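Data block below; observations after.
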Amino acid sequence: MQLPIAFAERMQRLLGEEYSAFCAALEQPKAVALRCNPTLLSPEALATALGVELTPVGYEPYGYFANLAPSGKHPLHHAGAFYMQDPSAMLTVASVEVPQGGMVLDLCAAPGGKTTQLAAHMQGKGVLVANEIDLGRAKILLGNVERMGIANALVTSLAPSAVADTFGAAFDLVVVDAPCSGEGMFRKNPQAVALWNPGNVALCQSRGRQILDCAMRCVRQGGKLVYSTCTFAPEENEQAVQYMLDSGDFCQISTKEGVQKATAEGVGQPLSRRLYPHLGAGEGHFVAVLERVTPTPAPPKPKLPSPLTSAERKLVQSFAKENLTHLDLDSVWRIGENLFYLPNPCAVPQFALLTYGVKLGSVQKGRFVPHHMFFKCLADRFLHHTHLSLEDARTAAYLHGDTIEVSHPSGYGVVEVMGCPLGGVKATDYQGKNHYPKGLRND
Ligand code: SAM
């Protein structure tokens, strides 16, 4: 691989005699890895179903190397049973104890690798705010949150300053996986080599600082901030950590032991961790964990969403009576035209909110119409389930958008493959009208 001269010179200075091993690693094929969704399938069942060999990544309990990459069209991918993710990208979340029951923010979240990993560790408890500034990418993030069946996330598309203004220092954990110069991705994405230049490193450094200024405002006293990049430039890595330490509000703490073992020390900063492709499988990565040591102003009094009107309550109640085991109506909120389910309500951003917990649906022409996310994220609340195997022809037919024969005579129900929810149907006479969104269907 032809490396940019200024980059090669800097890496030679950083790595010394390891530099040739680094260059040799860039010629090797990239690692394939995935995270299984612990709420859906065991890794053993997933490996058998996908016909792949899975070997533990080690530092991430749900992370596995795979000997080949399964297709994104595989029914179990539609079902959210796994998420393809570079093993080094799993380091960020694996570096820190993820609180269960608290408030967690993923500030630069699309397409959702860290968000879905955080959600797996949160086990449905607490609230996860997944924010992505770019609306197009935020929609992809929402798609992954929905696919993986995550019920306790807000997905927003705000500038970091708007996130800080809305929530204040409300978070126990803030993850900043910063937009960076991408030097660690040269092997995976050769285009990144062509785009590299020192000016871009400087630009990423200054943009990173602006993002960190906002991220730091979001961490409560005693809360943690995890900072990561997929680049090697010290300006975007150790110098960004130093920038936060210079605020006087944070101290740096160790990453979790497994991550320490799998990584090398940062440049002049032993608590920061670097992954080089010649030292571990996966692309280049940097991670550091900080803790807020100073008090923060009380978060702004959250503006909560509106509860349902009595007419809406009646409609949802009657839908629940016909189709669900139970639904706590006091956890259902109306925001704009849509109804959402979130048991622990928190501040509602006034704009650019893509979901507030589970998007249940909307009232149309006096009827409650359920949304795809309802079937995906609250599948266990539905009374009726049609259980399919991978081999059953109805699995492919359902993902194609066809009407299929289902196990219940009438009403709404969930279609599942190997027990993992794919989406919804509305049955009439055991014929399930397909509710799988058009944009997600297989050809
Ligand atoms: N955390 C993601 C994951 O694991 O899938 C990857 C995040 S990617 C490294 C960085 C993200 O930061 C991109 O989605 C990009 O759109 C976003 N970004 C770009 N400029 C930004 C800015 N000025 N403020 C906040 N986010 C920005």
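Just so we're clear, the structure is a prediction, and the values are computed from it rather than from any experiment. Atoms within a ligand are numbered from 1 in the order they appear, just like the ligands themselves. Below, each value reflects all heavy atoms present in this structure, side chains not excepted, and no hydrogens, waters or symmetry copies.
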(Q) Looking at Glu97, I'd like to know if its CD atom is crowded, meaning that more than 12 non-hydrogen atoms belonging to other residues, nucleotides or ligands lie closer than 6.0 Å. (A) no
Q) Does the ring centre of Phe82 sit less than 6.0 Å away from the ring centre of Tyr64? A) no
Q.
In the structure I gave you, are the side-chain heavy atoms of Lys261 and Tyr59 within less than 4.5 Å of one another anywhere?
A. no
Q: Give the minimum heavy-atom separation between Phe375 and Pro370, together with the two atoms involved.
A: CZ-CG, 3.8 Å
Q: Select all protein residues for which some heavy-atom-to-ligand 1 distance is less than 4.0 Å, and list them by chain and number.
A: Cys108, Ala109, Ala110, Pro111, Gly112, Gly113, Lys114, Glu132, Ile133, Arg137, Pro160, Asp177, Ala178, Pro179, Arg207, Ile211
Q) Is the His400-Tyr436 ring centre distance short of 6.0 angstrom? A) no
Q: May I ask you to check whether Phe374 and Tyr341 place their ring centers less than 6.0 Å from one another?
A: no
